[in-house]
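Lettering of chains follows the sequences in order, A, B, ..., and the numbering in each one begins at 1. Not measured: the values here are computed from a predicted model.
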Number of protein chains: 2
Amino acid sequence: MEAKDAEGPAPDAGSRGGAGTAGTGGARPHTGRRRNEAARQAVLDAALRLLVESKGAPITVEAVARAAGVGKQTLYRWWPSKGAVLLDALTDRAGQDVPPPDTGSLREDLRTVVAATFAAAQRAPWAPALRTLVREAATDPHLAELLRAYTGTRRALLREVLDRGRARGELPADRDLDLLVDQVYGLFWYRFLLGHAPLDAAAAERLTDSLLGPAAP
Amino acid sequence: MEAKDAEGPAPDAGSRGGAGTAGTGGARPHTGRRRNEAARQAVLDAALRLLVESKGAPITVEAVARAAGVGKQTLYRWWPSKGAVLLDALTDRAGQDVPPPDTGSLREDLRTVVAATFAAAQRAPWAPALRTLVREAATDPHLAELLRAYTGTRRALLREVLDRGRARGELPADRDLDLLVDQVYGLFWYRFLLGHAPLDAAAAERLTDSLLGPAAP
DNA sequence: ACTTGACGAGACTGTCGGTCTCGTTAAAGT
DNA sequence: ACTTTAACGAGACCGACAGTCTCGTCAAGT
């Protein structure tokens with residue numbers, strides 16, 4: 001491998017400006033060879049490819065390193081665990097969070113968000129990757145934590161939509177919004193992981209109606 | 001599955017008792033030493049104990065065998081995989097399926113079933129055991145299948161309640177009952193596995209209201 | 001007595017996550 | 001140019017674990 005180094009944006013680590021040679025503590029200027037950005041990209045590419053190709057089968061670290069043409073140690077130098085690599089690969093490329101819709105109609109906003117969530121997870125290459133990731137998370141506490149953080153932001157987005165709807169009076173003031181959020185994502189993950197029932201636009205429509213009551217004319 | 005034995009001993013029944021063996025017996029004559037029922041019990045006891053004690057930590061086959069005072073081979077002679085042992089241990093002792101209530105009121109039946117489900121999973125020793133089991137199922141296809149079958153019967157029970165309610169006219173004829181079932185169990189598993197929100201009687205009450213609409217006076 | 005097969009014990013195999021070592025190579029300072 | 005430093009690819013190595021195989025023993029039936 002050893003591509004001619006793209007010298008991409010430095011990861012983060014040491015700020016090179018520190019002229020002080022500060023011996024005592026903290027930031028020390030960085031000498032020596034720098035991180036190979038091409039290797040990072042190769043790892044993420046390989047991980048994502050394997051994640052997509054493996055239909056539910058587990059991914060091994062060796063497979064990722066081999067497919068990326070990279071030593072295992074390089075991998076562990078920059079990611080704390082296998083799970084971190086996989087999640088990074090998935091989120092790095094994942095369609096990024098669109099701001100939730102705000103049409104003025106709770107029913108419409110909710111249906112849109114739910115349908116978008118369903119569709120995104122079903123979209124071509126992502127489903128097996130996400131399923132594999134969740135599987136790995138079951139035995140990798142590190143990954144589980146990362147995944148929890150990631151889904152937390154999704155939950156917050158949905159919660160915003162509901163809050164706006166309630167502020168507009170489209171929902172009783174005493175309605176349990178956390179329950180509503182959990183009903184949406186509970187159903188989503190349940191069907192996504194078990195795969196026994198569809199997660200399509202029709203399901204999103206019916207779920208919305210079930211949560212808000214039948215549409216008023 | 002299963003090594004030799006043309007007999008295909010089901011891991012359940014097993015005629016206890018000593019010589020003579022009151023005759024329910026298999027049609028096929030059996031020579032040689034018989035299965036040690038005490039060993040089977042010891043395995044299930046040990047597995048359940050470890051399952052309960054391990055708060056989410058994985059259970060090893062060796063630990064089960066050692067705790068039961070049993071050789072590993074004995075274990076694999078009667079169960080096809082580690083997961084099968086764990087599930088057997090849990091279901092063997094788990095509160096058995098009560099027939100679903102039939103009070104004539106869908107709302108009441110539904111609330112009862114949901115509350116019972118929530119309560120059963122939260123009851124003292126079961127929660128960590130069940131969580132561990134589901135974790136293992138993520139990497140054990142065999143166990144995943146067994147678990148799917150087990151939960152399938154639970155789903156069917158709930159479905160009966162809903163069918164009766166719809167037959168009584170308490171639900172619109174075009175209501176999607178599979179969606180309702182998935183909403184219940186989706187929320188249940190979601191909260192059970194993540195543990196971020198309670199699964200108590202109040203939650204059951206609110207979920208029921210959410211599914212059926214606010215209670216009519 | 002003799003056959004059969006389950007038993008406890010534990011050695012063994014294969015897989016995998018993660019670490020360690022080694023010789024090499026790129027970046028920086030001098 | 002020379003030296004120092006650290007990242008690099010390769011792969012040996014470790015520890016944990018599921019599952020298999022072997023062995024000597026022991027109980028149930030013939």
Side-chain angles (χ1 to χ4, degrees), chain A residues 1-8 10-11 13-14 16-19 21 28-40 42-43 46 57-86 136 139-143, chain B residues 1-7 9 11 14-21 25-26 28-40 42-43 46 57-86 136 139-143:
Chain A
M1 256 310 151
E2 266 337 286
K4 298 290 294 186
D5 80 278
E7 185 54 46
R16 48 197 76 188
T21 325
R28 166 158 88 20
H30 179 127
T31 61
R33 186 175 181 177
R34 304 305 181 78
R35 176 174 191 177
N36 184 353
E37 179 63 14
R40 177 178 165 271
V43 167
I59 308 290
T60 71
V61 174
E62 303 235 352
V64 174
R66 173 179 294 273
V70 147
K72 285 207 296 179
Q73 184 62 282
T74 297
L75 211 149
Y76 280 105
R77 205 178 340 255
W78 301 109
W79 288 274
S81 70
K82 182 182 70 158
V85 177
L86 299 183
E136 305 267 359
T139 51
D140 181 343
H142 198 105
L143 175 56
Chain B
M1 65 182 76
E2 198 48 46
K4 36 196 143 182
D5 87 76
E7 179 173 318
S15 47
R16 185 66 164 108
T21 314
R28 174 180 164 294
H30 180 127
T31 60
R33 188 176 180 175
R34 303 304 184 78
R35 177 174 190 179
N36 183 354
E37 178 64 14
R40 176 179 167 269
V43 167
I59 308 291
T60 71
V61 174
E62 302 235 353
V64 174
R66 174 179 293 272
V70 147
K72 283 206 299 178
Q73 184 60 27
T74 297
L75 213 148
Y76 280 105
R77 198 165 4 241
W78 301 108
W79 288 274
S81 72
K82 181 181 73 158
V85 177
L86 299 183
E136 305 265 1
T139 51
D140 180 344
H142 200 106
L143 175 56

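- Distance Leu143(B) CG to dA18(D) C1': 14 Å, rounded to the nearest Å.
- Between the NZ atom of Lys82(B) and the P atom of dT20(D) there is a distance of 14 Å, rounded to whole Å.
- Regarding Arg77(A), its CZ atom lies at a distance of 13 Å from the C1' atom of dA26(C), rounded to whole Å.
- Taking only side-chain nitrogens and oxygens, Arg33(B) never comes nearer than 4.0 Å to OP1 or OP2 of dG29(D).
- One atom, CD of Glu37(A), and another, C1' of dA7(D), lie 14 Å apart when rounded to the nearest Å.
- Residue Trp78(B) has a polar side-chain atom (N or O) positioned under 4.0 Å from OP1 or OP2 of dC7(C).
- The two residues Lys82(A) and Ile59(A) make their nearest non-hydrogen contact at NZ-O, 2.9 Å.
- Taking atom CG of residue Leu75(A) and atom C1' of nucleotide dC16(C), one finds them 14 Å apart after rounding to whole Å.
- Taking Ala84(A) as the reference, Trp79(A), Pro80(A), Ser81(A), Leu146(A) meet the side chain to side chain contact (heavy atoms under 4.5 Å, CB included) condition, with sequence neighbours excluded.
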_CA sep, side-chain torsions, deciding dist, call: Trp78(A), Arg40(A), side chain to side chain contact (heavy atoms under 4.5 Å, CB included)_ = CA-CA 8 Å; Trp78(A) 301 109; Arg40(A) 177 178 165 271; over 6 Å; no

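- Atom CZ of Arg35(A) is separated from atom P of dA7(D) by 10 Å (rounded to the nearest Å).
- Distances from the side chain of Val61(B) to the nucleotides dG17(C), dC7(C), dA18(D) place dA18(D) closest.
- Between the two ends of the helix from dA1(C)-dT30(D) to dT30(C)-dA1(D), each summarised by a five-pair axis, the helix axis turns through 0° (rounded to 10 degrees).
- Rounded to whole Å, atom P of dC17(D) lies 12 Å from atom OH of Tyr76(B).
- Among pairs with a residue in residues 65-76 of chain A, those fulfilling side-chain hydrogen bond (donor to acceptor under 3.5 Å, both in side chains) read Glu62(A)-Lys72(A), at least two apart in sequence or across chains.
- The shortest heavy-atom contact between Gly71(A) and Ala65(A) is C-CB, 4.4 Å.
- One can place CZ of Arg34(B) at 15 Å from C1' of dC26(D), the figure rounded to the nearest angstrom.
- Nearest heavy-atom pair across Ala42(B) and Ala68(B) is O-CB, 3.5 Å.
- The residue Ile59(A) sits close only to the backbone: its heavy atoms come under 4.0 Å of sugar-phosphate atoms, none of a base.
- Taking side-chain N and O atoms only, Thr74(A) has no distance below 4.0 Å to OP1 or OP2 of dA7(D).
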Enumerate all atom pairs, one protein N or O and one N or O from nucleotides 10-16 of chain D, separated by less than 3.5 Å.
none

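- Looking at residues two or more places apart in sequence or on another chain, you find a side chain to side chain contact (heavy atoms under 4.5 Å, CB included) between Ala57(A) and Ser54(A).
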